[in-house]
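Written out below as structure tokens is the structure these notes cover.
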Number of protein chains: 2
Amino acid sequence: MKELDAKDRDILGILSKEARIPLKTLAGRIGLSRSATSERVAALEKSGVIRGYRADIGQMDTNLVSAFLMVTLVSTPSIGVLDQLARYSEVRRVSSVTGQLDLMVEVEVPSIDRLNTLRDIIATHPSVQDLTTLIVLRRDIERRE
Amino acid sequence: MKELDAKDRDILGILSKEARIPLKTLAGRIGLSRSATSERVAALEKSGVIRGYRADIGQMDTNLVSAFLMVTLVSTPSIGVLDQLARYSEVRRVSSVTGQLDLMVEVEVPSIDRLNTLRDIIATHPSVQDLTTLIVLRRDIERRE
DNA sequence: GGTGTAACCGACGCTTTGCCGGATGCCCGA
DNA sequence: TCGGGCATCCGGCAAAGCGTCGGTTACACC
């Protein structure tokens, strides 16, 4: 894959916020002809820098419950735990972190019951020493892009 | 705003993964004429259900540092803290949570220095009682949408 | 200077889009 | 039951968008 120059970064910056603007507009904004812009975008797509285009949907999954599970392991790293977490589609993100705990697990479940089930499953894994659950009451700030 | 029917949900499901497919293709997939589909999409955009379209960029700002800041307040709610947090674009998300702490703040900064600065600023806010920083070492699982 | 490569531009023809008139289905009051 | 009113659908037209091509410029290298 080639190196990204300034104009490529401009393109990415614009498309990451407005993925559907016409090529002509995009070309004008970065100071290139439409066809040159078209080729650059195509190259960015083919090389995998642009992985796809997604519509940003407003609140529709309204009654989902989000939570943070703070996990301490008996010894790091523990691949077994990650494998198990990966099996559940409700697990949105898992991060290895510094500090008192080892894993920050973010989940999105349809109900509190389901959250409890999930938490119990994870907590009883032999590699898990401690698990603290924080249920999200409200998203105060949420930035996209 | 109107209620969303099954076809609207189909549209959202498809566009949330492939925001740039031609209307014709989209129409064929949901079983409507192109123009009817066009009107539905336009309505979804105008009503705010579709907030925008974003290109999904692969890892390019690879050297960004992510962190969780776990904040305990002297008394909840504290609007002053949220106002301050909202001022920094590095603050990606803030969630009010249950449990031992009050706010889970997720940040993305260009350097550890910047993280320290940000943490100090937040920690010295009069409403903040305690602040624990967890630096993300690695994203083990990350799911989109 | 000659040659190769990479990136640019403008133009051509095809595809997609926005917009319109008219058809269809459904609700509700007379 | 009938007949407006309303929402939603379709097909077609003109305009705008797109991918692709040949030709041009810029630059590095021998």
Side-chain angles (χ1 to χ4, degrees), chain A residues 1-64 110 142-145, chain B residues 1-64 89 108 110 142-145:
Chain A
M1 189 191 110
K2 308 286 293 300
E3 206 54 34
L4 302 184
D5 65 8
K7 290 201 188 299
D8 285 323
R9 300 204 168 258
D10 286 349
I11 290 175
L12 293 176
I14 294 172
L15 285 183
S16 70
K17 294 190 181 57
E18 307 169 67
R20 280 186 120 180
I21 66 167
L23 269 182
K24 188 170 140 189
T25 311
L26 178 61
R29 228 181 281 183
I30 66 170
L32 276 184
S33 76
R34 193 187 57 78
S35 51
T37 307
S38 170
E39 280 159 22
R40 277 175 180 266
V41 173
L44 288 170
E45 288 169 354
K46 206 171 77 175
S47 72
V49 178
I50 294 178
R51 283 193 283 205
Y53 302 94
R54 327 216 168 276
D56 182 5
I57 308 298
Q59 80 301 345
M60 114 171 139
D61 300 324
T62 161
N63 41 7
L64 285 185
E142 174 108 42
R143 295 203 172 98
R144 299 260 167 175
E145 156 225 16
Chain B
M1 187 191 111
K2 307 285 295 301
E3 205 55 34
L4 302 183
D5 65 8
K7 290 202 186 298
D8 285 323
R9 300 205 169 257
D10 286 348
I11 291 175
L12 293 177
I14 294 172
L15 286 183
S16 69
K17 295 191 181 57
E18 307 168 66
R20 280 186 121 180
I21 65 168
L23 269 182
K24 189 170 142 188
T25 311
L26 178 61
R29 227 180 281 184
I30 66 170
L32 275 184
S33 76
R34 193 191 55 77
S35 47
T37 308
S38 170
E39 280 161 23
R40 277 174 180 268
V41 172
L44 288 170
E45 289 168 353
K46 205 171 78 176
S47 72
V49 178
I50 294 178
R51 283 193 283 205
Y53 302 95
R54 332 218 164 272
D56 182 4
I57 308 298
Q59 77 302 344
M60 87 168 168
D61 299 323
T62 165
N63 42 6
L64 284 185
S89 64
E108 233 174 50
E142 173 107 45
R143 296 204 171 96
R144 300 258 162 179
E145 155 224 14

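Each chain gets a letter, A, B and so on, in the order its sequence line appears, and its residues count up from 1.
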Legend entry - Nucleotide C/dG25, atom P - distance to CG of B/Asp5 in whole Å: 18 Å

Legend entry - Nearest-Å distance for atom pair CZ/P, residues B/Arg34 and D/dC10: 11 Å

Legend entry - Point-to-point distance, once rounded to the nearest 0.5 Å, from CD1 of B/Ile30 to OG1 of B/Thr25: 11.5 Å

Inset, instruction - Would you sort out whether A/Val49 and A/Asp8 count as a side chain to side chain contact (heavy atoms under 4.5 Å, CB included), showing the intermediate values? - result: CA-CA 10 Å; A/Val49 178; A/Asp8 285 323; over 6 Å; no

Inset, instruction - Write down the distance between NZ (A/Lys46) and C1' (D/dT20), rounded to a whole number of angstrom. - result: 14 Å

Inset, instruction - Five pairs at each end of the helix from C/dG1-D/dC30 to C/dA30-D/dT1: take the axis at both ends and give me the angle between them to 10°. - result: 20°

Inset, instruction - Output, in order, the C-alpha distance, side-chain angles, deciding distance and verdict of side chain to side chain contact (heavy atoms under 4.5 Å, CB included) for A/Ile57 and B/Ile50. - result: CA-CA 5 Å; A/Ile57 308 298; B/Ile50 294 178; 4.2 Å; yes

Legend entry - Value rounded to 0.5 Å, distance of CG in A/Asp56 from CZ in B/Arg54: 4.5 Å

Legend entry - Donor-acceptor contact below 3.5 Å, side chain B/Ser16 vs main chain B/Leu12: yes

Inset, instruction - Show your reasoning for whether side chain to side chain contact (heavy atoms under 4.5 Å, CB included) applies to A/Leu15 and A/Leu44. - result: CA-CA 11 Å; A/Leu15 285 183; A/Leu44 288 170; over 6 Å; no

Legend entry - Minimal non-hydrogen separation, A/Thr37 against A/Ala27, with atom names: OG1-CB, 3.2 Å

Inset, instruction - Measure from the side-chain N and O atoms of A/Arg20 to the backbone N and O of B/Ala19, and report whether any donor-acceptor pair falls under 3.5 Å. - result: yes

Legend entry - Atom pair distance, as rounded to whole Å: CD in B/Glu39 and P in D/dA7: 13 Å

Inset, instruction - Answer yes or no: is there an ion pair linking B/Arg40 with B/Asp5, defined by an N-O contact shorter than 4.0 Å? - result: yes

Inset, instruction - Kindly indicate whether the side chain of B/Ser35 and the base of D/dG11 share any N or O donor-acceptor pair separated by less than 3.5 Å? - result: yes

Legend entry - Under 4.0 angstrom between B/Ser38 side-chain N/O and C/dG18 OP1 or OP2: yes

Inset, instruction - Report yes if at least one side-chain N or O of A/Arg40 is closer than 4.0 Å to OP1 or OP2 of C/dC8; otherwise report no. - result: yes

Inset, instruction - Pull out every residue in residues 18-30 of chain A that has a heavy atom closer than 4.0 Å to any atom of DNA chain C, ordered by number, or say none. - result: none

Inset, instruction - Nearest whole angstrom, please: distance from the C1' of D/dG19 to the CD of A/Glu45. - result: 12 Å

Inset, instruction - Return the value, rounded to whole Å, for the distance between atom NZ of B/Lys7 and atom C1' of D/dC10. - result: 14 Å

Inset, instruction - Whole angstrom is fine here: how far is it from CG in B/Leu32 over to P in C/dT17? - result: 15 Å

